[in-house]
2 protein chains.
Amino acid sequence: MFKKVLIAEDMEDINKGVFSLLTELGVTQIDQVQYCDDAYLKIKRADLDSVPFDLVISDLSFIVDHRSQTYPSGQDLVAKLKTDFPNLKVIVYSVEDRLQAVRTLFNQHHIDAYVCKSRSGLKNLTQAISEIAQGNKFLSPEVSNAFSTENELEIDDYDISLLDHLSKGLSQDEISALYRKENISPASLSSIEKRLNKLRIQFNAKNAIHLVAIVKDLGLI
Amino acid sequence: MFKKVLIAEDMEDINKGVFSLLTELGVTQIDQVQYCDDAYLKIKRADLDSVPFDLVISDLSFIVDHRSQTYPSGQDLVAKLKTDFPNLKVIVYSVEDRLQAVRTLFNQHHIDAYVCKSRSGLKNLTQAISEIAQGNKFLSPEVSNAFSTENELEIDDYDISLLDHLSKGLSQDEISALYRKENISPASLSSIEKRLNKLRIQFNAKNAIHLVAIVKDLGLI
DNA sequence: TGAAACCTTACGGAAAACCGTAATACTCTT
DNA sequence: AAGAGTATTACGGTTTTCCGTAAGGTTTCA
């Protein structure tokens, strides 16, 4: 089990909750920070002093205030941590449930676990810690389909065009008619529905409005 | 009638079309530019040389290319022009038909006319020019309801909350239930529908998806 | 060539959004 | 306190979206 753990989380109550959990799990050395920069400095310092951390549990979003930060978000922090300290285990603990975001964290930043803050967040966090201790990765059930082989995560020009037309206010019927006129295939309403359904699953969107909002945030359209 | 006119428009064919129109209207001194920065420089130069322009006809969107621009968009350009040269008449000629955008141009940047590029775009442009020559303002029929007294253009916190929940994927029914629980009024599905309908009209949105896309672009949520 | 896998289209039912109308409740003025 | 005006809610009907199923078509590969 882990001996020395750092919690990076700006919300004090959540920070405390995670602290309690770690204590219950028998972790004795627990440090807590509310800024990403502090997290990096503490870990760097501990490493230089040859008393490195075993594990970091970090949030993604930190509210910005007067203190200017080198690492404004959890993404920036974990990216830097995993480059500088490859042996350090990293758990991201966040409300974020967009699959694309989760995928990026695993694929590009090589985090060890992703836990969604939710009703059963702490339970999942416990599980994540024990999995990681055994050298495994962990993925919260809420976003478990982020890596399902079913939905290949490719988004092609057709998808973009679809989302773009949707965001311009065209109904699925109108898009179908447009595609027929422009000889774009598939053009049937049914195919368009099917494709949008795939995209909704892929982006964890509840409905078309949510989907468009997500892909706009991602800058896809 | 105007004697010296500048056309700022990056699409060559449209630029030419407007040029022809102006020629037909008897304007002899016509300058054309394809970059906002060039427009500003030409007008500044002409002013310094005491041979100022009477009128600028500008597009809103200019495709970005290798040349970095001080004024990347038509909005930036007209804002600057109207501050530096209050006497200069400005017509915005664009495909943009979002009422909020049009309102901003009139209210904050004090443009003299807004013409939508459409089937009857050049016809409206002619009319706009003649109106402005008489000291009037002009508004393309497509966006004529931008200032209709009916819909007061205030967007309050309730509206924002509504749009935000929508963009998060909540159905109108779910929002209604949420508002009831949180004692936010009005909470009924009917009122929510009504409010969203008002917002759709206000932002010229075809449906809820379109509406959310627009307000996201505006940075309202 | 034949079979499996996949893509496209069609269809039908349930849920949600859209739209007009009307009843009820609240606010403001006189 | 009465009436006008507005806000909120209710309701019904149409359209659109959502979702499962299935038929017809194409591609792939043995």
Side-chain angles (χ1 to χ4, degrees), chain A residues 145 148-216, chain B residues 145 148-216:
Chain A
N145 53 337
S148 70
T149 49
E150 291 310 308
N151 52 315
E152 54 257 68
L153 41 106
E154 293 167 27
I155 290 124
D156 58 23
D157 291 347
Y158 181 88
D159 293 319
I160 300 292
S161 138
L162 214 49
L163 293 166
D164 194 49
H165 284 126
L166 262 192
S167 79
K168 299 272 165 45
L170 298 199
S171 71
Q172 297 177 17
D173 229 358
E174 287 170 329
I175 297 175
S176 168
L178 183 69
Y179 283 0
R180 268 186 228 281
K181 197 163 64 184
E182 296 185 349
N183 271 47
I184 295 172
S185 171
S188 74
L189 177 60
S190 186
S191 290
I192 288 171
E193 286 178 350
K194 189 147 295 188
R195 191 69 78 110
L196 285 175
N197 187 45
K198 198 200 71 184
L199 288 169
R200 272 200 307 277
I201 293 169
Q202 209 162 127
F203 288 100
N204 238 18
K206 297 205 188 101
N207 54 40
I209 298 178
H210 195 195
L211 177 62
V212 167
I214 290 171
V215 297
K216 279 195 87 74
Chain B
N145 53 335
S148 70
T149 49
E150 291 309 308
N151 53 316
E152 55 258 66
L153 41 106
E154 293 168 29
I155 289 124
D156 58 23
D157 291 348
Y158 181 88
D159 293 318
I160 300 292
S161 138
L162 215 48
L163 293 167
D164 194 49
H165 284 127
L166 262 193
S167 78
K168 299 272 165 45
L170 298 200
S171 71
Q172 298 177 15
D173 230 357
E174 289 169 328
I175 297 175
S176 168
L178 181 70
Y179 282 1
R180 266 184 230 282
K181 197 163 66 185
E182 296 186 348
N183 271 40
I184 295 171
S185 171
S188 73
L189 177 61
S190 186
S191 290
I192 289 171
E193 285 179 351
K194 189 149 297 188
R195 191 68 78 109
L196 285 175
N197 188 44
K198 197 200 74 184
L199 288 169
R200 272 202 306 277
I201 293 169
Q202 209 163 127
F203 287 101
N204 239 17
K206 296 204 189 104
N207 54 39
I209 299 178
H210 195 195
L211 176 62
V212 167
I214 290 171
V215 296
K216 278 194 87 74

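Letters A, B, ... are given to chains in the order of the sequence lines, protein chains preceding strands, and every chain is numbered from 1. Values below: all heavy atoms of this structure, side chains included; hydrogens, waters and symmetry mates excluded.
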*Asks:* In whole angstrom, give the distance that lies between atom CD1 of B/I192 and atom C1' of C/dA16.
*Replies:*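 One finds 13 Å between C1' of C/dA16 and CD1 of B/I192, rounded.
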
*Asks:* Are any of the side-chain heavy atoms of A/L170 and A/L178 separated by less than 4.5 Å?
*Replies:*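 Side chain of A/L170 against side chain of A/L178, heavy atoms only: contact under 4.5 Å found.
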
*Asks:* Would one find a side-chain N or O of A/R200 under 4.0 angstrom from OP1 or OP2 of D/dC19?
*Replies:*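 Checking A/R200 against D/dC19: at least one side-chain N or O falls below 4.0 Å of OP1 or OP2.
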
*Asks:* Nearest-Å distance, CG (A/L162) to P (D/dC18)?
*Replies:*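 So the CG-P distance, A/L162 to D/dC18, works out to 11 Å.
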
*Asks:* Got a sec, which residues hit salt bridge (Lys or Arg N to Asp or Glu O under 4.0 Å) with B/D156, two or more places apart in sequence or on another chain?
*Replies:*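 For B/D156 the salt bridge (Lys or Arg N to Asp or Glu O under 4.0 Å) partners, ignoring immediate neighbours, are B/R195.
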
*Asks:* Please determine which of A/D159, A/L166, A/L163, A/L199 meets the side-chain contact (heavy atoms from CB on, under 4.5 Å) test together with A/V215.
*Replies:*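 Only one option passes, and that is A/L163.
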
*Asks:* For residues 185-193 of chain B, run the donor-acceptor check on the side chains, cut-off 3.5 Å, and write out each pair with its distance to 0.1 Å, sequence neighbours left out.
*Replies:*
unit_1	atom_1	unit_2	atom_2	d
B/S188	OG	B/S191	N	3.0
B/S188	OG	B/S191	OG	3.1

*Asks:* Given D/dT17, C/dT9, D/dT8, which nucleotide is nearest the side-chain atoms of B/R195?
*Replies:*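 My answer, after comparing the listed nucleotides, is D/dT8.
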
*Asks:* Phosphate oxygens OP1/OP2 of D/dC18: is one of them under 4.0 Å from a side-chain N or O of A/Q172?
*Replies:*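 Yes, because at least one side-chain N or O of A/Q172 sits under 4.0 Å from OP1 or OP2 of D/dC18.
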
*Asks:* Considering only residues two or more places apart or on different chains, which pairs with a residue in residues 161-172 of chain B satisfy salt bridge (charged side-chain N to carboxylate O under 4.0 Å, His left out)?
*Replies:*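 Qualifying pairs: B/D164-B/K168.
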
*Asks:* Take nucleotides 10-15 of chain C nucleotide by nucleotide from the 5' end and write B, S or -, depending on whether a protein heavy atom sits under 4.0 Å from the base, only from the sugar-phosphate, or from neither.
*Replies:* BB----

*Asks:* Short of 4.0 Å, heavy atom to strand atom, which residues of residues 207-216 of chain A count as contacting DNA chain D?
*Replies:*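 Of all residues in residues 207-216 of chain A, the ones placing a heavy atom under 4.0 Å from DNA chain D are A/N207, A/A208.
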
*Asks:* Using the ring-ring contact (aromatic ring centres under 6.0 Å, His included) criterion, which residues pair with A/H165? Sequence neighbours excluded.
*Replies:*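 If we apply the ring-ring contact (aromatic ring centres under 6.0 Å, His included) test to A/H165, skipping adjacent residues, the hits are A/Y179.
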
*Asks:* For the residue pair A/Q202 and A/I155, establish whether any side-chain heavy-atom pair is separated by less than 4.5 Å.
*Replies:*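 Of all side-chain heavy-atom pairs linking A/I155 with A/Q202, at least one is under 4.5 Å.
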
*Asks:* Name all pairs fulfilling the ring-ring contact (aromatic ring centres under 6.0 Å, His included) condition that reach into residues 182-215 of chain A, sequence neighbours left out, sorted by first residue then second.
*Replies:*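 Sorted pair list comes back empty.
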
*Asks:* Once you round it to whole Å, what is the distance between P of D/dT8 and CG of B/N183?
*Replies:*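 The distance from CG of B/N183 to P of D/dT8 comes to 14 Å, rounded to the nearest Å.
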
*Asks:* Could you give the angle between the helix axes at the two ends of the helix from C/dT1-D/dA30 to C/dT30-D/dA1, with five pairs per end, rounded to 10 degrees?
*Replies:*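 Its terminal axes enclose an angle near 30°.
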
*Asks:* Sequence neighbours left out, what pairs pass salt bridge (charged side-chain N to carboxylate O under 4.0 Å, His left out) with at least one residue falling in residues 172-182 of chain B?
*Replies:*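 Counting only pairs at least two positions apart or across chains, no salt bridge (charged side-chain N to carboxylate O under 4.0 Å, His left out) contact touches residues 172-182 of chain B.
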
